[in-house]
Amino acid sequence: TIYRASTTAPVNIAVIKYWGKRDAKLNLPTNSSLSVTLSQADLCTTTTASCSASYTTADSLLLNSAPQTLETPRTQACLKALRSQRAALEEANSNLPKLSTFPLRIVSVNNFPTAAGLASSAAGFAALIRAIANLYELPANPSDLSIIARQGSGSACRSLFGGYVAWQAGEKADGSDSLAVEVAPASHWPEMRAVILVASALKKDVGSTEGMQLTVKTSTLFPLRANTIVPQRMEEMKKAIASKNFEDFARITMQDSNGFHATCLDTYPPTFYMNDTSRAAVRAVEAINRAAGKDVAAYTFDAGPNAVIYYLAENEGLVAGLFKSFLSHIDGWQVRRGQAIQASSA
Ligand code: DP6
């Protein structure tokens, strides 16, 4: 018998950024973060996990048809956690097949550039964890699964929910309170839209894991950001979402992106994720907002040059239209559109 389960996980883009670990081994963050899950059908990872007593090779993973190693401490931590939860079920019910002892075969497809700062690790680990949890028939809710996904890649824990999601940094040393929770479902503010401007789909220069550790070690601005500014912003952002105040949402989003990239510049040696094209996108958003007389668009940049612009559906013409004509003057941009959604739970 071959046992099999499939799932799809969406990309999420943080409006309050996770940057910095208080425990690199357990992958615990220095600060809480908050994201919006995007609905683009073409921005997700689809993963099928199967296992069988008849599989003779060790656990394996194919990503976009290429074999990948599962022998990284982070992936092993995830597989170990899932197997031990399954083993506990098998212990309690001897009629269950001993799936926890079978080799796993995992097949994943990303329909967007891997590691280009498009949150591919987030959707990837979220899909991996949920596919295996489904295969093992674990009675886990998204927050429980987020604890496992977090160990694979921090931002992945937020992709287990749709809509508006917080990753609570937590305080416990074992990480048991460092998990994702829903701030609001997508249906609370369904007018939210995002457009992604792909400035470069190349692999980023400095990966997030490495980059954030160097920031924690060397940036003098970082402690202020992590300990004082971000905790305040988390509260303000939750209020902005609860009251559907787009101007506050936009201002906090842009300030947090700028603050995060300021700590990257303050890292020694400095890390540059934004490039000239990214800065042109910032100016374009500023021009749109100036013309509208209020903030109708908000940019945010992860650890790469690509921009994500949030706006409301009512401003689609203004933002996407103006952006498109502005961008036609800039080489190298692709524009994708999507809206915030509720991630499927299966
Ligand atoms: C800038 O989740 O990729 O996108 O936990 O080391 O895998 P690891 O880092 P990762 O970092 C994401 C950083 C970010 C901000 C964010 O998504 O909150």
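All ligand and atom numbering here is 1-based and tracks the order in the structure.
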**Q** Is it the side chain (CB and beyond), the backbone, both or neither of Ser121 that lies under 4.0 Å from ligand 1, heavy atoms counted?
**A**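 Under 4.0 Å from ligand 1, Ser121 contributes side-chain atoms alone.
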**Q** Would you indicate whether Lys239, at its atom NZ, is surrounded by more than 12 heavy atoms from other residues, nucleotides or ligands within a distance under 6.0 Å?
**A**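 For Lys239, atom NZ is not crowded (no more than 12 foreign heavy atoms under 6.0 Å).
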**Q** If you draw a 6.0 Å radius around NZ in Lys25, do more than 12 non-hydrogen atoms from other residues or ligands fall strictly inside?
**A**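 It does not: Lys25 NZ has 12 such atoms or fewer within range.
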**Q** Against heavy atoms of Gly154, which atoms of ligand 1 measure under 4.0 Å?
**A**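 Near Gly154, meaning under 4.0 Å from one of its heavy atoms, ligand 1 has 2 (O), 5 (O), 7 (O), 8 (P).
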**Q** Can Arg193 be said to sit on top of Tyr310's aromatic six-ring, NZ or CZ under 6.0 Å from centre and within 45° of the ring axis?
**A**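 No - Arg193 does not lie over the ring of Tyr310 by the 6.0 Å and 45° rule.
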**Q** What atoms of ligand 1 come closer than 4.0 angstrom to any heavy atom of Ala303?
**A** 1 (C)
**Q** Indicate yes or no: does an N/O atom of Ile16 lie under 3.5 Å from an N/O atom of ligand 1?
**A**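 No.
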**Q** Give me the atom names and distance for the closest heavy-atom approach of Arg130 to Thr7.
**A**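 Heavy-atom minimum between the residues: NE-OG1, 3.1 Å.
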**Q** I'd like to know whether Arg233 forms a side chain to side chain contact (heavy atoms under 4.5 Å, CB included) with Leu34, so could you lay out the CA-CA distance, the side-chain angles of the two residues, the decisive distance to 0.1 Å, and finally the verdict.
**A** CA-CA 10 Å; Arg233 275 189 193 137; Leu34 201 150; over 6 Å; no
**Q** Give the single entry among Arg158, Lys17, His261, Lys21 that approaches atom 17 (O) of ligand 1 most closely by any heavy atom.
**A**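 It is Arg158 that holds the nearest heavy atom.
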**Q** At a 4.0 Å threshold, what atoms of ligand 1 neighbour a non-hydrogen atom of Arg74?
**A** 5 (O), 6 (O), 7 (O), 8 (P)
**Q** Strictly under 4.0 Å, does any heavy atom of Phe260 approach an atom of ligand 1?
**A**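 Phe260: in contact with ligand 1 (<4.0 Å).
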**Q** List every atom of ligand 1 that sits less than 4.0 Å from any heavy atom of Thr209, numbering the atoms from 1 in the order shown and giving each element.
**A**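 The atoms of ligand 1 under 4.0 Å from a heavy atom of Thr209 are 6 (O), 7 (O), 8 (P).
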**Q** Near Ser153, which atoms of ligand 1 are under 4.0 Å from a heavy atom of that residue?
**A** 2 (O), 3 (O), 5 (O), 7 (O), 8 (P), 10 (P)
**Q** With Phe260 as reference, evaluate Gln255, Met212, Arg225 under the side chain to side chain contact (heavy atoms under 4.5 Å, CB included) test and give the passing residue.
**A**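 Only one of Gln255, Met212, Arg225 forms a side chain to side chain contact (heavy atoms under 4.5 Å, CB included) with Phe260, namely Arg225.
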**Q** Within the structure, does Ser33 bring an N/O atom to less than 3.5 angstrom of an N/O atom in ligand 1?
**A**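 Not met; the criterion fails.
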**Q** Can you list the ligand 1 atoms lying under 4.0 Å from a non-hydrogen atom of Met212?
**A**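 Those qualifying, in numeric order: 9 (O), 11 (O).
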**Q** Output yes when a side-chain donor or acceptor of Glu90 lies under 3.5 Å from a complementary backbone atom of Ser100, and no otherwise.
**A** yes
**Q** Just heavy atoms, cut-off under 4.0 Å: does Asn27 contact ligand 1 by side chain, backbone, both, or neither?
**A** side chain
**Q** Around atom CD of Glu286, are there more than 12 heavy atoms from other residues, nucleotides or ligands closer than 6.0 Å?
**A**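 Yes.
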**Q** Please report whether ligand 1 has a polar contact with Trp19, defined as an N or O pair separated by less than 3.5 Å (distance criterion only).
**A**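 Between Trp19 and ligand 1 (N or O atoms, distance only) the closest approach is not under 3.5 Å.
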**Q** Centroid-to-centroid, Phe249 to Trp189, below 6.0 Å?
**A** yes
